[in-house]
Amino acid sequence: MILITGGAGYIGSHTVVNFINAGYEVIVFDNLSTGHIETIETLKQIGNVTFEKGDLKNINDIDEVFSKYKIDAIIHFAAYSLVGESVVNPAKYYRNNVFGTLNLLETMVVHNVKKIVFSSTCATYGEPKYVPIDESHPQNPINPYGNSKLTVEKMLGDFDTAYGLKSIILRYFNVAGCDSQNRIGEWHEPETHLIPNIMKSVFDKGQKFKIFGDDYNTPDGTCIRDYVNVEDLAQAHRLAYEYLCRTDKSDVFNLGTENGNSVKQVFDECEKAINKSIDVEIVERRQGDPAVLYSNSAKAESVLGWTPKKSIRDSINTAFEWTKKQYNV
Ligand code: UDP
């Protein structure tokens with residue numbers, strides 16, 4: 001059985017769907033602090049999913065799950081992921097993301113479970129020294145969120161050395177889009193991400209869409225990011241797990257499309273996709289946003305056989321369908 005922590009959240013739930021579609025039995029472990037019980041109910045309708053409510057900060061919660069089921073591997077998403085919040089409340093990030101993961105790893109050792117796929121981030125690289133960013137780019141995070149993820153990456157290396165616990169670290173770029181059958185989607189409260197914020201502004205007149213800065217050193221002045229579709233990303237997790245089973249070797253991969261899109265380009269694409277003009281306002285830069293980030297994902301392609309199949313338009317279309325559902329339109 002595969003234990004997916006954070007499986008009630010955005011990327012976690014799409015990965016649950018990918019694993020159950022491939023015939024795996026999945027247990028979701030989630031404290032529902034940012035994940036949703038409604039998502040769990042939908043996942044149970046899709047396939048063979050067991051839900052265990054619990055908190056990684058409480059080692060007994062994890063130990064109970066490992067004692068109850070025969071777990072082969074962990075896909076570990078459970079974490080807080082808001083950069084701005086991490087700056088003002090670092091303890092929350094170290095307690096949940098680092099201490100919670102330490103509890104998980106210690107429990108894995110006790111129960112002799114030796115495989116984990118870890119959800120990391122391009123935020124561990126910090127301000128890019130060059131683009132596209134490959135896996136050997138220096139890691140100098142510029143916020144506590146990135147620090148917490150990098151700390152876990154280091155812990156994973158140490159647990160491999162000490163106990164032979166094998167990990168695949170996946171460093172994502174910007175994740176976008178929703179389930180192509182519109183059953184689950186991106187559901188953050190509050191929502192901070194680009195595409196869902198554009199979509200929300202279409203249905204909620206109180207939520208005028210704001211571009212954070214158009215004076216960056218980029219062709220149109222807005223930040224450039226690499227938007228990878230969530231279903232493609234979910235597929236990468238399964239390929240990573242199967243690779244780990246085949247090789248029993250720890251490794252690390254970037255996951256992105258290798259294409260940069262500016263905020264203005266994404267906005268224009270959204271207007272085209274919904275065939276409507278959307279109100280927009282240019283405001284101050286958001287703190288901590290590098291001008292340009294995009295990935296070199298050649299390693300994931302050559303080693304895992306992973307290639308992103310969906311375009312940014314696919315992500316926008318599915319995000320639009322999901323937002324309509326949320327607003328009952
Ligand atoms: N962004 C924006 N308005 C929004 C949300 C995001 O202009 O309402 C910009 C943000 O400044 C960044 C890009 O869109 O340049 C992607 O931001 P997002 O929060 O989606 O992802 P991040 O890059 O922070 O992981």
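Residues: numbered from 1 along the sequence shown. Whatever order the structure lists them in is the order used to number ligands and atoms, beginning at 1.
Nearest protein heavy-atom contact of atom 8 (O) of ligand 1 is N197 ND2, 3.0 Å. Looking only at protein heavy atoms, the nearest one to atom 3 (N) of ligand 1 is K210 O, 2.7 Å. The closest protein non-hydrogen atom to atom 20 (O) of ligand 1 is L194 N, 2.8 Å. Atom 5 (C) of ligand 1 has T192 O, 3.4 Å as its closest protein atom, hydrogens excluded (heavy atom only). Summary of contacts: the protein heavy atom closest to atom 16 (C) of ligand 1 is Y227 OH, 3.5 Å. Here the heavy atom of the protein found nearest to atom 4 (C) of ligand 1 is F212 CE1, 3.4 Å. For atom 9 (C) of ligand 1, the closest non-hydrogen atom of the protein is V263 CG2, 3.8 Å. In this structure, atom 25 (O) of ligand 1 lies nearest to the protein heavy atom N174 ND2, 3.6 Å.
For the pair K92 and E85, the salt-bridge criterion is met [side-chain N within less than 4.0 Å of a carboxylate O]. A salt bridge is defined here as a Lys NZ or Arg NE, NH1 or NH2 lying under 4.0 Å from an Asp or Glu carboxylate O, and E321 with K324 meets this definition.
Looking at S311, its side chain does come within 3.5 Å of a backbone N or O of D314 through a donor-acceptor pair. Of the possible donor and acceptor atoms, none in the side chain of E25 sits under 3.5 Å from a partner among the backbone N and O of I27. Not a single donor-acceptor pair under 3.5 Å links the side chain of T42 to the backbone N or O of I184.
Close approach of ligand 1 to I211 (heavy-atom distance below 4.0 Å) involves ligand atoms 7 (O). Per-residue contacts place C223 under 4.0 angstrom from the following atoms of ligand 1 (heavy atoms of the residue considered): 15 (O). Atoms of ligand 1 found under 4.0 Å from any heavy atom of D289 (numbered from 1 in listed order, with element): 10 (C), 11 (O), 12 (C), 15 (O). The distance from ligand 1 to the heavy atoms of R225 drops below 4.0 Å at these ligand atoms: 15 (O), 23 (O).
Counting only non-hydrogen atoms, the option in E281, R286, H193, Q287 that gets closest to atom 17 (O) of ligand 1 is R286.
Between V49 and I40 the shortest side-chain heavy-atom distance does not fall below 4.5 Å. Using a 4.5 Å heavy-atom cutoff, the side chains of I116 and L105 are in contact.
By the 30° and 60° cut-offs, the orientation of the rings of Y145 relative to Y93 is perpendicular. Taking the six-membered ring where the residue is Trp, H237 and F77 present tilted rings, their angle falling between 30° and 60°.
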